[in-house]
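Structure, as structure tokens:
The chains referred to below are lettered A, B, ... by the order of the sequence lines, with proteins before strands, and numbering in each begins at 1. Hydrogens, waters and symmetry mates play no part in the numbers below; they use all other heavy atoms, side chains included.
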Amino acid sequence: MARWPEMESVILSRATRLMMPVLIVFSVFLLLRGHNAPGGGFVGGLIASTAFALLAISDSVDVARQTLRIEPRRVMGFGLLVALSAGLIGLLSGGSFFEGVWPGIKLPVIGKLGTPMLFDIGVFFVVVGFTLTVVFTLLTEED
Amino acid sequence: MAWSEVLTVVLLVPGAALMLIGAIGAIRLQDTYLRMSATSKAATLGVVLMLAAGAVHFGDMGTSTRAVATMLFMLLTAPVAAHMIGRAAYLAGEPLWVGTRTDDLKGMYEED
Amino acid sequence: MTLETLIRLGVLPMLCLAIVLAFVRLLRGPQLPDRVVALDLLTSLLLGLIVSLAIYDEKPIMMDVALVLALVSFIGTIGFARYLEIRAWPGPKS
Amino acid sequence: MFAILATLALAAFLAPSLTRWAGRRCGWILALAPGAALAYLVSRLPAVIDGETFDATVSWVPALDVSLDLRLDGLSMVFGLLITAMGVATMIYAAAYIGDDQRLGRLNATLLAFMLAMLGVVLADDVITLFVAWELTGITSYLLIGYDNHKFQARRAALQALLVTGLGGLVLLVGLTMLSWIAGTTQMSAMSAAAGSVQGSPLYGVVLAMVLVGAFTKSAQFPFHFWLPGAMAAPTPVSAFLHSATMVKAGVYLLARMQPVLGGTEAWHTTLGVVGATTMLLGAVMAFPQRDLKKILAYTTVSALGMLTMLIGIGTSAALVAAMAYVVVHALYKGPLFHVAGIIDHETGTRELSSLGGLRRTMPITAAIAAMAALSMAAVPPLLGAYAKQLVHAAEGEATAAAGYIYWTALATGIVTTSVAVMLAVLPFWRAGRETPKQPHEAPISLWLGAGLLATLALLLGPVAGTTFRPLVDAAARVAGASPSELHEETSLGLASTSHAAEPASAGALEGAADQAHADADHGAEHGEHGSGTLLKLVTIATGVLLVWRRDALLAAVAPVGGLARFGPEAVYRLSVIGLKSFSGVLTRFIQNGYLRSYIFVVLLATIVLAGYPLFSDRAPLPPLAVLDIRLYEGLIVMAMLMATLFATGTDSRLAAVVALGLIGIGVAINFMIMGGPDLAMTQLAIETLSVLLFVFILHRLPRFEHFTSLAERRRDLVLSLMVGAFFTSLVWGIATEGGESALSPYFAEHSLSEGKGHNVVNVILVDFRGLDTMGEITVLAVAALGVFGLMRLNLDKEKKNGKVA
């Protein structure tokens, strides 16, 4: 007989397991190329959090929390910190707050590194943190 | 028409046709399960074909890999989605079409 | 018969007709699952539309949008299915 | 000059810890800070008297060329000396008076902070610096009045003072900014050059009114005077320092400082003259019936401030000199009187005039100080008060605007002030002894030392006023606009008359001086019947004493008039505060009634009205939209979205509505894509997914679907939504047809690669050009998430508490 509450479907959880890495890679890909082609922190963050939300639905919130390993709120805090430091680097290196600083290093895949890129990564983490905090809180309530 | 254009057309038009058939199926078929089988199978195959046409048409490395990724994604998720809807509909007590002969699931999800 | 005219006269009208039909199912669909099916179908149709437009307007960027739209349709369907299950069979809890 | 401000600031900062460490002796130590400032000013005194000025500037906001300009000239010297001298006396007095109350540290710190602010006001040469210091005095005064915050009376008085002076300050800010805009400079010293253009400009009336409101509220002029008696709820050292000698004179200082720029016009003279005279009379008359010593002193201060405003209103050189002289003299006698009142309260436990008497035997020194101060107040020669009063009488004669009114009010005030002086000095000390709650004995030295010094100063300076006191006052008057030529003739005369008075300080000699002053005043005034000044003075003093003697009978007769207070300005203030509270209550109940529906309704309505009106009120009807080449499928998608909207609003099943919304979202995303915004489309799609998910989880827990709103409400909402729809359509329509090219997008497009190092303009804008906005947005996101978490956590705990959760 069907057991409740984990009315989970094996097919769905297997599919999610398979898809998680693809989605995460795709979201990071969107994030890093954001500067030169459609993408960026917001979209990347949303896609990544959708992946985790899917995991939360297919299996359960606790599984999703374990896979994420870090408390979503802490992710958000970390994101804000990264974003702020990106702004401060501009200030510290003589320019004004949030002035873009381009050290001129050019990585093969990602392209030129710079503080706006760092800021974008900060945005990515904040968006992921934000969405997952909301989704997980709602889900915990429900389960 | 260049060789690649022919291939694109060969992939694109049947894709669109299949999707139209899927839509017609969704309209004419009698109950949820039949409609679902039509849409998930026909439409998904149609999309895959059109994505392939896209991949062929844009030869460059980046786009075609992404198109292939989307195709794989569709091939993976469509059946899972169809399965989930079907089960949910059955649980929700959707009536089967009067003409269905066998219902394998009868009795499997009894109220406990 | 260039590719563009073929798409404009062939593929797009077919897709538009399909969209109309799917939409009729969405409106008429007696029960919720029918509507979810219609939504799933509509999303696939729109995906097809995006791809054909990408080819028609020569914009490869649109293919990324296609992937995201596929993601949308899958997760939307899963969400609705999950909801239907809970509503249909809340289990001993409530 | 910044050094003395810095020392005061440092002292204020260290005061709390210093007070704890030094205990009762902290008063003497902390007095060093104002003492140092006093020493600095005195060292600059000779130079300032010769007309020299000292400037100091620190650039504060270079972008708006706002800088901290300080200037030490005659006028600021007089007030500076006043503040620092009174400051020293107050610090010593406060420590002894408050004793070992653990909040003494806070009081000392605030007092020193106030001194800093007051010096800031007096030394400021830049309008903005003046205003900042002006507001700081308001805040410190609020803190000081509300010192006994456990008493409701003190809190209410503090709030009242803050509101009245605060609002006045606000009006003053507008006035000053307009003034500096017209005059072209924020430097007050440079403004006098632009006096012509200021007085000529159409805005002169408005600027004048605003500056006057600022000054009148601060200096408690009628009808804003009621906050000052209320401020007596502050501890006595505060009342002595702020509400008699320094802060309330800031308004007078501002008038004197603005006299060269705004003064000289008919409006200036009449307003100041009338308001000043009325306040002067009102203050004196209301002081008479009071029973509490401090209230009497408060009302007499109001009266003195009225006189000062009137003198500045008269505006002749003699009047300005008299005003400056009276500013100092008033502080010299009012400060000690307040300290005496404090000593009486401290020693006998009560401040009720009726229950005080025969204190001269138990408190001889205090009695002597009170006598000296009161005599100076009643302008009995040879005290400095007499000299000042003589100048005042001379000046009153010269009044042109509302001369009659001024003359008679001045006369009446003279009488009442004398009687009040008698009430203060004679009754408590020389009347038959009365038993008081505490057995009175002489106050400790630190309590009467400050008052004693100031009172004896008034005594010593009296006879030699011409040589020592007068030059300083002239320097100040010159800054306030008195012309040196007239002053000179006045001084020589004053000198002559007081020189021979230098030998025996007999009253007669000074009488001669008074006559001559009156004599030369005659040729100015129309009234011929001056006769001799002495007769007038004797009559004033006699009537004053008479009034005191028959006080009780007089009060009984006047009692019914007391009912008038109900309609006074204080009642107006109270009513407006109560009215404001109830109005805000009603408004909040309407706006914040807890239903999300009404919030949205108010927001949408406001948007349409506020944004719609300016956009479409004066515009020609929208040009016909050129038929865009809308392709078939675009039209189809829009049609689908429209149908989905109708369906979503019509259906009863929430989830069907969610499905429809999902479709609309996807339609929008595709439109974005067609318009050429792929990453916008992607973001929209991703958000669409997540919102569907969130909706699904939330809907699951909502109760069965019922209609909360009545049919009428739904019809109203329909109309509103149609209006909103029409508004946004026409907005987009206008933009589409207008096609006004914005300067921004080309700029971003151009520089996105060169500066932002990225081809994707949208992302470069988001992350680099407008990085700060995005920073703000993600912070908002974070806070929102915490909000959701908090709310949800709340429900969870509740359910756990009553064990519902399995």
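Put simply, the side chain of C:F80 reaches to within 4.5 Å of the side chain of D:V658, judged on heavy atoms. By the 4.5 Å heavy-atom criterion applied to side chains, D:L663 and C:F23 are counted as neighbours.
Contact of D:A660 with chain C is not made at all, since no heavy-atom distance falls under 4.5 Å. Contacts between C:L27 and chain D at a heavy-atom distance below 4.5 Å involve backbone atoms as well as side-chain atoms. With a threshold of 4.5 angstrom between heavy atoms, D:V696 approaches chain C through its backbone and through its side chain. With a threshold of 4.5 angstrom between heavy atoms, C:I50 approaches chain D through its backbone and through its side chain. Proximity to chain D is limited to the side chain of C:L12, based on heavy atoms less than 4.5 angstrom apart. Contacts between C:S73 and chain D at a heavy-atom distance below 4.5 Å are absent for every atom of the residue. Contacts between C:I75 and chain D at a heavy-atom distance below 4.5 Å involve backbone atoms as well as side-chain atoms. Residue contact with chain C, scored on non-hydrogen atoms closer than 4.5 Å, involves the backbone and the side chain of D:M643 alike.
Considering only heavy-atom pairs separated by less than 4.5 Å from chain C, the leading option among D:A681, D:P678, D:A686 is D:P678. The choice from C:V36, C:L32, C:I19, C:L15 that makes the most heavy-atom pairs within less than 4.5 Å of chain D is C:L32.
Separating the CD1 atom in D:I637 from the CG atom in C:L49 is a distance of 5.5 Å, to the nearest 0.5 Å.
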When you look at C:D64 and D:M682, which way does the side chain to side chain contact (heavy atoms under 4.5 Å, CB included) test go after all the steps?
CA-CA 8 Å; C:D64 297 349; D:M682 281 199 278; 4.0 Å; yes
